Amino acid sequence: MDEKTSEVNQSRQFHEVTLREFELTDVDDYFVWASDDRVSPWWRWDTFTLKEDVLAFMEKTVLPHPWMRAICLNGRPVGAIWVTHRTAEHQCCAELGYVIASQYWGRGIATEAVNLVLGTIFGDMEGLERLEALVLVQNVGSQKVLEKAGFTKEGTLKKYLIHKGKISDMVMYSFIPADN
Amino acid sequence: MDEKTSEINQSRQFHEVTLREFELTDVDDYFVWASDDRVSPWWRWDTFTNKEDVLAFMEKTVLPHPWMRAICLDGRPVGAISVTRRTAEHQCRAELGYVIASQYWGRGIATEAVNLVLGTIFGDMEGLERLEALVLVQNVRSQKVLEKAGFTKEGILKKYLIHKGKISDMTSSGIVFFCDLIYYYLDRLFEGIHELMPNDEVFFNSKLRQLDAQ
């Protein structure tokens, strides 16, 4: 094996991001970010304290979700990514969400996961023309992920929803394949 | 009566916009804009062709609506305006919609109706912080109404929804229209108000009580 292949193998060994469906046996990994106080401010749920609660959450919300994937780093779940297809006159639209364990922030993992989704979701979801993401104004890290993945910032929607009891401004991003 | 009062009376006589709840007996007036081909491209329903359908529509959709008003010109309905509250984590916001019979376009009636709503809705709807409106990119008139009423254009949401989408059967190609929409919002927080309208006192006082309680 020449030097270059060896380097490539090393980088692939330390940084291969893949997506797969969750199983209940992933509960230990899921618990890592679900119980992390650095993560919970950025998504809708409060910090989990018990694995039983995470298991129940996986049974009730994660596994039944129509399009939810574990973000795996070298085969091990370090986060989750999901796409929620909207209905009726909004069925041309779906909303993207993702979460990464804080130990893995800043390594481009979310961006890779988003790119993997972009490569597959428009084929998977019939009639999908728009993938959108709503990000808290303060969540600059997530805004950068979306911008790197090619999303367009459409505007800031003020006082758009109640997040952790506070009325929050959200930034709307979209990815339109026809424009890209 | 001096000249000025007479002029004011004349202008008031020809242009008094009020809001009230609908009744089924408004069906004839409702039919005017519901059956108008100039109106239907701009809202979600197809042009109505008979009054029975409009009556059914009023029974099913108009009268049960939690916040829907007839826009009256000198007491007669010439359009409708509604505010639809969102739920759960979105309950701080509500969506505004309105329609005016085409014979009355261009007279500022929609703008007045929107202003009447603004004067009352934040008091009516506990916890409302954001009134938003989604407008088709091509609907320049409606954008002007909102801008005049003080709404802020937040951005254009591309391919946001299917408007008058027609997915036909297998014999011909389907045509689905994807629309770009402009998102407007109006934020009526205490700090944002520069001018008090008469009905705002109720809203103001309740806001002050909220702030005191914090």
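None of the values given here were measured: they were computed from a predicted structure. Numbered from 1 within each chain, the chains take letters A, B, ... in sequence-line order.
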- His90(A) and Leu161(B): which non-hydrogen atoms are nearest, and at how many Å?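 Taking His90(A) first and Leu161(B) second, the nearest heavy atoms are CE1-CD2, 3.6 Å.
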- Task: Over all heavy atoms of both residues, which pair between Ala178(A) and Lys159(B) is shortest? Give the atoms and the distance, please.
- Result: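 Result for this residue pair: CB-CE, 3.9 Å.
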If you draw a 6.0 Å radius around [atom1] in [X], do more than 12 non-hydrogen atoms from other residues or ligands fall strictly inside?
X	atom1	value
Tyr104(B)	OH	no
Glu21(A)	CD	no
Gln103(B)	CD	yes

- Task: Among Arg44(A), His163(A), Lys164(A), find the one that has a side-chain hydrogen bond (donor to acceptor under 3.5 Å, both in side chains) with Glu89(B).
- Result: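 So the option named by the test is Arg44(A).
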Between [atom1] on residue [X] and [atom2] on residue [Y], distance to nearest 0.5 Å:
X	Y	atom1	atom2	answer
Arg86(B)	Ile162(A)	CZ	CD1	13.5 Å
Lys158(B)	Ile176(A)	NZ	CD1	7.0 Å
Thr152(A)	Leu157(B)	OG1	CG	11.5 Å

- Message: Using only atom types and a distance under 3.5 Å, with no angle test, would you say the side chain of Arg130(A) pairs donor to acceptor with the backbone of Tyr160(B)?
- Response: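 Absent.
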